[in-house]
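Heads up: numbering here begins at 1 and tracks the sequence. Fair warning: this is a prediction, and the values are worked out from it, not measured in the lab.
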Amino acid sequence: MVKVVVIDARAHMLGRLASIVAKQILQGTHIVVTRCEEITIAGGLVRQKMKYERFLNKRMNTNPKHGPIHYRAPSRIFWRTVRGMVPHKTPRGAAALERMKCFEGVPAPYDRQKRLVVPDALKPLRLQHGHRFCLVGDLSATVGWKHQATVKELEVKRKVKSAKFYEAKKKLIALRAKAVATVEAGKA
């Protein structure tokens, strides 16, 4: 079975995370990016919204369906950012993009797996203190993404479930440590 790297994209800078992911998928790594709505973009929300509105105006004059396609969902915005860093029109680039999956929130199979961060792309380490920033989820909601409230609601449920699991795990670890200590004491 193929080893999959699961990245929690919360508080990562969009371009920096995208460039690292692009490099890794081109090298053959399978990557899943979760919580795309929490990715950070440098610059305030108003500025980013204006930039995105200009992007939305770009279309084919005779038949707008032919492109460019303007994705509103945070996961698709991240996917398109990575696509711009990959030679997606070649078989190698297309295969690389197939190795990447992006999600809002943390869906079912990945909520029980260890999620990693990319230190080179983290906002606290890369964005200077006091500089403005916005979240991709907020930008998406302002340009037409309709599922922000649903994703937040599902994330709250997931966090409650995760906290419950962690408490049970801590109890098991404490019981195991106690059992090991009694066995060690019995041997001595």
Side-chain angles (χ1 to χ4, degrees), residues 4-22 24-25 30-61 63-86 88 93-94 96-113 115-118 121-124 126-127 131-162:
V4 177
V5 176
V6 182
I7 296 175
D8 184 356
R10 185 185 156 275
H12 285 68
M13 301 302 290
L14 177 67
R16 289 181 179 272
L17 180 62
S19 66
I20 291 164
V21 168
Q24 290 301 315
I25 62 175
H30 288 256
I31 292 183
V32 173
V33 183
T34 58
R35 290 215 276 182
C36 286
E37 75 280 1
E38 300 283 336
I39 294 176
T40 307
I41 306 176
L45 182 61
V46 175
R47 176 188 171 90
Q48 295 304 328
K49 186 184 176 196
M50 285 170 52
K51 279 170 69 174
Y52 208 83
E53 295 289 343
R54 285 196 296 272
F55 169 61
L56 290 177
N57 286 333
K58 291 177 172 56
R59 61 184 197 163
M60 185 176 183
N61 217 6
N63 190 352
K65 279 192 283 189
H66 286 182
I69 310 296
H70 311 290
Y71 298 111
R72 268 42 171 225
S75 60
R76 296 303 278 174
I77 290 174
F78 179 75
W79 178 87
R80 196 175 199 277
T81 307
V82 173
R83 190 191 74 176
M85 301 176 182
V86 169
H88 64 97
L97 278 177
E98 290 292 317
R99 287 191 284 270
M100 181 184 70
K101 292 180 183 174
C102 306
F103 297 102
E104 288 92 19
V106 187
Y110 307 110
D111 59 348
R112 292 169 178 263
Q113 293 180 17
R115 295 180 292 281
L116 307 175
V117 296
V118 180
L122 279 172
K123 180 181 81 79
R126 287 293 162 196
L127 189 69
H131 284 215
R132 288 183 180 164
F133 65 91
C134 69
L135 300 180
V136 176
D138 295 338
L139 174 65
S140 293
T142 59
V143 296
W145 182 52
K146 297 178 178 71
H147 306 292
Q148 189 176 31
T150 308
V151 169
K152 275 188 180 169
E153 188 181 311
L154 290 170
E155 277 296 287
V156 167
K157 283 183 186 175
R158 180 190 64 82
K159 286 176 185 173
V160 167
K161 187 177 166 187
S162 177

Revision key, fill the gap. Output for pair (Met13 CE, Leu127 CG), nearest 0.5 Å, gives 4.5 Å
How close do [X] and [Y] get, counting heavy atoms only, and between which atoms?
X      : Y      : answer
Val118 : Leu17  : CG2-CD1, 3.8 Å
Val106 : Arg115 : CG1-NH1, 3.8 Å
Arg132 : Gly44  : CB-N, 3.7 Å
Asp8   : Arg35  : OD2-NH2, 2.7 Å
Val151 : Gly105 : CG1-N, 4.1 Å
Ala121 : Ile20  : CB-CD1, 4.4 Å

May I ask you to test the [X]-[Y] pair for a side-chain heavy-atom distance under 4.5 Å?
X      : Y      : result
Arg54  : Lys51  : yes
Asp138 : Gln148 : yes
Pro68  : Arg80  : yes

Exercise for review: Please report the C-alpha distance between Arg16 and Arg126 in whole Å, then the side-chain angles of each, then the deciding distance to 0.1 Å, and finally whether the side chain to side chain contact (heavy atoms under 4.5 Å, CB included) criterion is met.
Suggested key: CA-CA 9 Å; Arg16 289 181 179 272; Arg126 287 293 162 196; 3.6 Å; yes
Review point. Does CZ in Arg72 sit with more than 12 non-hydrogen atoms of other residues, nucleotides or ligands closer than 6.0 Å?
Key: yes
Review point. Would you find more than 12 non-hydrogen atoms of other residues, nucleotides or ligands less than 6.0 Å from Phe133 atom CZ?
Key: no
Answer yes or no: is there a donor N or O on one side and an acceptor on the other, between the side chain of [X] and the main chain of [Y], under 3.5 Å?
X      : Y      : value
His66  : Pro64  : no
His12  : Ala18  : no
His131 : Ala42  : no
Thr40  : Cys134 : no

**Study point:** Test log, rule side chain to side chain contact (heavy atoms under 4.5 Å, CB included), inputs Val33 and Trp79
**Key:** CA-CA 10 Å; Val33 183; Trp79 178 87; over 6 Å; no
**Study point:** Lys/Arg N to Asp/Glu carboxylate O, Glu155 vs Arg158, below 4.0 Å
**Key:** yes
Practice item. Show the numbers, then the answer: is there a side chain to side chain contact (heavy atoms under 4.5 Å, CB included) between Ile39 and Phe78? Key: CA-CA 9 Å; Ile39 294 176; Phe78 179 75; 3.6 Å; yes
Check your understanding: Is the Tyr110 ring parallel, tilted or perpendicular to the Phe103 ring (thresholds 30°, 60°)?
Key -> tilted
Exercise for review: Run the numbers on Thr142 and Tyr52 for side chain to side chain contact (heavy atoms under 4.5 Å, CB included), then give the verdict.
Suggested key: CA-CA 10 Å; Thr142 59; Tyr52 208 83; over 6 Å; no
